[in-house]
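Computed from a predicted structure; not experimentally measured. All values below come from the heavy atoms of this structure, side chains included, with hydrogens, waters and symmetry mates left out.
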Amino acid sequence: MLCYNISFVWGCILLSIDSHGGALLQLQRLGYTTGCGKPLLSDINLDLRPAECLAIIGPNGSGKSTLLRTLTGELTPTSGDLYFDGRPLSQLSRLQRARTIALLAQSDSAHPQLSVSEYVELGRLPYQGRDSAQRHRQLVEHALTETGMRGLRHQRLGRLSGGERQRAALARAFAQTPQLLLLDEPTNHLDPLARASLLNWVKRKGIAAIAVLHDLALVAPFADRVAVIERGRLVRCDIPSRALAADCINPVFGLDSFVIAHPHTGQPLHIFEAPQRAG
């Protein structure tokens, strides 16, 4: 009888491990249909592990931003299940979400007269009354240092370049100390160096991150896995070398995809171009 009970308990433990797989975020058959009956997402199955970076790519109108909006809570899925750290995301209060999930968008409406330091301090608002003033200051200082913004701490937001403004927004997200960072096409309107630097800071942070990316060249250096979405459906979720392969990229984007070795490091470089047409 004792052996039976031990086996039963162990089986339950294994079942629990298998059902969540150590995932921080789980999407199970997730769908979203508008009030007019138009399906924007259908049957999305995804998971995200702690410290994993996931890129979401797809053509314009494929459902990438809609998917991200279900994760922020802006949109409520009309079908399927969405779990965060083993709990239904819908059960998390606004305050709990603000303490666990941060969003870096393309832009925000922060007042241009705010200093960078004041702006980054906004990331600590969910912790007012819980953490000490000293901890607030330490986390803000750390976020400014991590993103290279410490020297601009007194600069007004309205006087920053686009890249500096996004670095300030990233510092604010870091100061929020989230478990999950969501990025909605955060590199749009940035120059090439600023784009690569921003994603590199996110990757070095070592927290779970999901980024909707428009520039395919940025995907492989950033992502541990890539989710490819077309017409609201997940067509592939795999490591970059397979998700960015020609058999996926060509049908979805209409682009040729091939890999060459970096001339200095030997690392694979993914190249994307429009197919050459004869004549």
>> The test is salt bridge (Lys or Arg N to Asp or Glu O under 4.0 Å); show your working for R172 and D108 and say whether it passes.
In response: CA-CA 12 Å; R172 185 191 65 177; D108 61 25; 3.5 Å; yes
> What pairs with N60 under side chain to side chain contact (heavy atoms under 4.5 Å, CB included), at least two apart in sequence or on another chain?
Replying inline: H214
>> Among residues at least two apart in sequence or on other chains, which ones pass ring pair (Phe, Tyr, Trp, His ring centres under 6.0 Å) with H262?
In response: H264
For residues 267-274, dump all side-chain donor-acceptor pairs below 3.5 Å to protein atoms at least two apart in sequence or in another chain.
none

> Checking side-chain contact (heavy atoms from CB on, under 4.5 Å) for the pair L157/H111: CA distance, chi angles, key distance, verdict?
Replying inline: CA-CA 8 Å; L157 291 183; H111 198 285; over 6 Å; no
> Salt bridge check: are R29 and D81 linked by an N-O gap of less than 4.0 Å?
Replying inline: no
> So, R204 and E146, do they make that salt bridge, N to O below 4.0 Å?
Replying inline: no
> Is there a salt bridge (Lys or Arg N to Asp or Glu O under 4.0 Å) between D184 and R69 once you walk through the steps?
Replying inline: CA-CA 9 Å; D184 189 6; R69 290 169 69 191; over 6 Å; no
> What is the distance from atom OG1 of T147 to atom CD of E164, rounded to the nearest 0.5 Å?
Replying inline: 11.0 Å
>> With rounding to the nearest 0.5 angstrom, report the CG to CG distance, L182 to L48.
In response: 9.0 Å
> Do R49 side-chain atoms and G22 backbone N/O form a donor-acceptor pair below 3.5 Å?
Replying inline: no
> Under 3.5 Å, is there a donor-acceptor pair between the S79 and Y32 side chains?
Replying inline: no
> Which atoms form the tightest heavy-atom contact between L183 and V202, and what is the distance?
Replying inline: CD2-CG2, 3.8 Å
> Can you tell if the side chain of C248 reaches within under 4.5 Å of the side chain of D238, non-hydrogen atoms only?
Replying inline: no
> Step by step, would you call K38 with T33 a side-chain contact (heavy atoms from CB on, under 4.5 Å)?
Replying inline: CA-CA 5 Å; K38 181 180 180 180; T33 300; 5.6 Å; no
>> Salt bridge check, E118 against R156: does any charged N sit closer than 4.0 Å to a carboxylate O?
In response: yes
> Would you call R236 and D247 a salt bridge, using N to O less than 4.0 angstrom?
Replying inline: yes
> Going through the distances and angles, do R225 and D47 end up as a salt bridge (Lys or Arg N to Asp or Glu O under 4.0 Å)?
Replying inline: CA-CA 10 Å; R225 285 188 301 149; D47 63 78; 3.3 Å; yes
